[in-house]
Structure formats: C-alpha cells, structure tokens
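Below is one structure, written out as structure tokens; the observations come after it.
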Number of protein chains: 2
Amino acid sequence: MSVSLQDVQTALERIKRYVHRTPLERHQSLNDLSGAELWFKSENKQKCGAFKARGAHHALTQLTPEQLARGVATHSSGNHGAALALAARRFGAQAFVVMPSNAPVPKRQATLAYGATVIDCEPTLEAREAALKACVERTGAVFVPPYDHPDIIAGQGTLALEMLEQNPNLDAILVPVGGGGMLAGVSLAVKALRPDIKVIGVEPLGADDAKRSFLTGQHVRQHQPDTIADGLRTTLGTLNFALIRDHTDDIVTVTDAQITAAMKVFMVRAKALVEPSGIVGLAAVMADPSRFAKQQVGIVISGGNVDLEHPVWL
Amino acid sequence: MSVSLQDVQTALERIKRYVHRTPLERHQSLNDLSGAELWFKSENKQKCGAFKARGAHHALTQLTPEQLARGVATHSSGNHGAALALAARRFGAQAFVVMPSNAPVPKRQATLAYGATVIDCEPTLEAREAALKACVERTGAVFVPPYDHPDIIAGQGTLALEMLEQNPNLDAILVPVGGGGMLAGVSLAVKALRPDIKVIGVEPLGADDAKRSFLTGQHVRQHQPDTIADGLRTTLGTLNFALIRDHTDDIVTVTDAQITAAMKVFMVRAKALVEPSGIVGLAAVMADPSRFAKQQVGIVISGGNVDLEHPVWL
C-alpha cells in the first residue's frame, strides 16, 4: 500500500470543489529579515484554518453512501478533528472526534461548531486509540485516520501541486512534520515532478521522532512530546515514515523559543494569524539563514488556529 | 480651503507607485454571523500596516526638494508617525515624530525602524502640539499634520476609490473616525461618485467627539479620551469636521467591549491581525445587525498594528 503522484493529482481533482486553493504569498520585510526569498503557502487561510481540510475531504470522497450513513470517527489534537467535522457536515455524515484533554480550546470549539460529537480522553496516544476503538465499536462509524493513510497523504500532498504551479522556481520547500501525512504527500509529489527541489521536514525539538527515525532508518515512536506546537506532538505514521525515508531530503528541528520568535515576527510583519505548528518552517530559516540565503524557499504555513485566550508567545 | 473628488483622484495617481492597492476581502463565516454581506478593505495589509501610508506619501509628493531637505515632522499616537517615517525614507528626508508616552510599543518601534527620530511627550493634545512646535523651531522641519490637512484627506480618501472599483454594489461603507481625515476623504469621494451609498463613521464611545460634533453641528474637542482604540483618541480636525458634516450620513459609537469582541471574532475567522481602532466597523455591524441585514457593507480595516505583547482582548 503506497501513494503515487497520480494519487495526489487525482485527489486534487476530487477535492478542489470543497477546499480553497490557498495563495502563495510573499512579504518583503520577511525576505529582508531572512536573506532568502520566502513564499508562504497560506493554509492558515484554508477551510477550517488548516491544511487538514484537504485530507479529510479527500477521505470522505472515497466513502460509499452506506459508509457515510454509519458516520465517521477519528482521534485528533485539533485540526484533523475540525476538518473531519466540516467535511462530514458537507457529506451529510455524523462525525465522532476523540480529542485529548490538552487540545486547544478553539480547535475543540470549532469541532463542536461543525456539528461533531467530541469524546474527551487523556493526552496520550494509547488513550486516544483506546477511546477511538470504543467509539467505533459503539457507533459503527468508519475510522478516518488523522495522517497514516493513503487517502489522507494524497489529500495533503495536493498543496504541493498548487505550490509548484504558483511558483515553478522554488529551490526548497519546508514542511511541518507531526504524524507526517503532509510531509509524505508533499515529498512524493514534489520528487516525482521536480526532483531538483529540496523537500525538508521541520519538527519541534521536543517531538523529534521523525528526525530520529529519518536519521537512523528505524521507526521511532514519540512518547511524552514536549512542545508548544500542539499539532506536531503526534508520532510519525508507519506508511508516512516509509514515504518520507524514500522521498524527503532532510528533517531539521527547531526549539519552542525559535517557534515563538518566528510566530511573533510573522504575525507582526504578515498581519496574519499562525499557530505554533504552522510556523516551524520560518523558524527553521531564521535558525539557519546561511543554508537558505538567496534561495526561493516555499514555506507551508499549515494552520492558523491559534488560541488567542492563551497566547503562547507571552 | 477644501478638498474635491478631483483632489482624491489626483492623489491616487500620485501615490499608487508607493503604496499597495489593498484587497477588498470577504469571509463567509463573518457573513453568516452578521447576516450582512461584508467587504473588508484590508488596510491592515497596507504598507506599514495602516491606511496612514496613503496620506503620508501623498503629503510628501507635494513637498519641494528644498522642503524635503529640511526634513518633516509630526505628532502621532502611532500609525501616522510610522507612515511618515516610511514615506520620508522613501523620499530621502529626515523624519521627526512626537509620540505620546502611551503610544503602543510596536508603533514606536516601527517608527524608529523606518529611521525616524522619536520625541516623547505626555499623552495630551496640548503636550503633543507643544513638543511638535519646539521640534519644528529647532530643526526647521516641515510639519506634516496627522489628519487635518487637504493633502492628508485626499490621500486617505483614495481607499474609497479602490473600494468602489472593487465592488460597485456596496450599500454602505463604515469608516473609523479619530481625527477624521479618512472619514472626510472617504465621504467626499463616495458622495461625489455614488451619493446612494451610505457613509457611516464609527467611533469609540469613550472618544465620541466626532459624533457629538456631528449631532450638534458644533465642533467639540475631545479631552481625556478613554478607549482601547489608541488610533481613535485624537480630536476631530476642523477641516475634517466641515467635510464630515457636509458629506457623511451618520456617525455611530461602539464600546470597548464591542471592539474587543469584534477583534477576536475577526482574528479567529479571518486569520488576520487587526488593531482595536481598525475593527470598529465590524463592531458596529455586530452591535446593530438589523440595520445592516442583507446589505453589502464595506468595512475599512484601517490597520493591523496590534501590540501582541499586551493583548487588549485578554
């Protein structure tokens, strides 16, 4: 079971009536600051405020009417849950979302606002999986995985197809990595079309299972992640690991302090909201400017669902 | 001494190489929330993050090389100072900016970053004017007023010409009013071109000199303003008062609580930063939805220079 460029291209055809083609934006003052030419793929302006809308909608296009009638279920620290809730509403299905107790309040609220049933659990992968299993057994809903599934990977990879069209002259693309669905999809699509473009995953230092897996070739699981980037605390998926190992050029890490600094400078200069997980690409450029100097660097701003009531930058 | 539509049209020709034609943006979830069709003129994405870039650049296009060589000076609670600093740098002039001690830190920092000399003063109109007078006498710099001047009014009014092009079907336009330069320029331009469109000023309740002046026909000065909308604490200009009296349809007020609520909902839904002064238009719609129900309402988002270190919404 793998994912091909054709799968990503087909996914884009399937989802483009449901999700936004987000802009690839530039901000001169951030170019001046970084010494690179930065192109921000603004998935913070995607439906439900995050790239997760792509995979969730794509997964639901693949379900039968019978499956949709049973409902859909997932576990999510936030954006996938909200995206699945939104997509389920669009497809007329009931959504059940298992959320850890430390999920940001706005993401929980969005998931509820889109009409999903939220099921609370402890903030561990084991608790999430157990609660999900119980939910599926009780309701008969179809499990739509948050990241480790071909339909999700193909859906998330669609943003790379748009980026290559929006600027064919990119030298590198920086992609946040948590569960790895986006990095897997972007890597395989970019490398199939444009092997000359470097695809680099960016991960918080406090949840660096993808980097350790990538470097050692052994799939490491993430236990007790410690980072403000709530969307990147999840462990790397198995299918994603294989795709990332084969198609990604590098994975780098950034500290929470670097994430916070990048978040503030981006919000002030770009006048746009970004969540901690969404800004790790800019943090990576600011942490190692000589690596990207004068290059055209695509940065995926993966989401903008920041908790304004609890500003992590203070 | 007055200002005509022709002046505004000429101003747009003069400044369009220096400032952005900002987008007129829609956000479906805010339409759903308000029951109106809202069109946001995103001056938070203007150069230096505020509409003030228009007037400042326009004023400087009208100075002689000899005047520019003497430098320019102003007093400002923030955005006009930063805008003048930016424009002065573009025109090769030194800028001196008198700022009250309660000006938001990011605005002071931006003014300094653009190369201006900042002169601190007490947060009263009298102190500002006295410090400015001393500065001009000492340096010989040319005073560029923050709002009560034909070149400034014509410059700010240019955003209305863009709005009418970007959506010719607006029923009303909501404009923040502090010193009144923007409301004066927008009102006279809109009423000359499209008298059917309602132009409504929006002011914080704690600095409602424009509303009181408008209602009574007597120019009231604002003493001891009390509002989080730092850009709207200034007193209505004399020339602006005359233009607003003649061309504006109405002025409404909003409370700080309404401003804060509107700011949060806009940031969460639009994923864009807005400063308190910039969101009063949306606050007015949310405060009186029946007045705007089903209408196409233009809302000027006048600036996005919010102080992230001191979130006023908490």
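Note on naming: letters A, B, ... go to the chains in the order of the sequence lines (proteins, then strands), and numbering restarts at 1 for each one.
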> Are any of the side-chain heavy atoms of B:Lys271 and A:Asn305 separated by less than 4.5 Å?
Replying inline: yes
>> Only pairs of heavy atoms separated by less than 4.5 Å count here; which of B:Lys45, B:Gln28, B:Glu309 has the most with chain A?
In response: B:Glu309
> Which bit of B:Pro106 comes within less than 4.5 Å of chain A, counting heavy atoms only: side chain, backbone, both or neither?
Replying inline: neither
> Non-hydrogen atoms of chain A under 4.5 Å away: do they reach the side chain of B:Leu308, the backbone, both or neither?
Replying inline: both
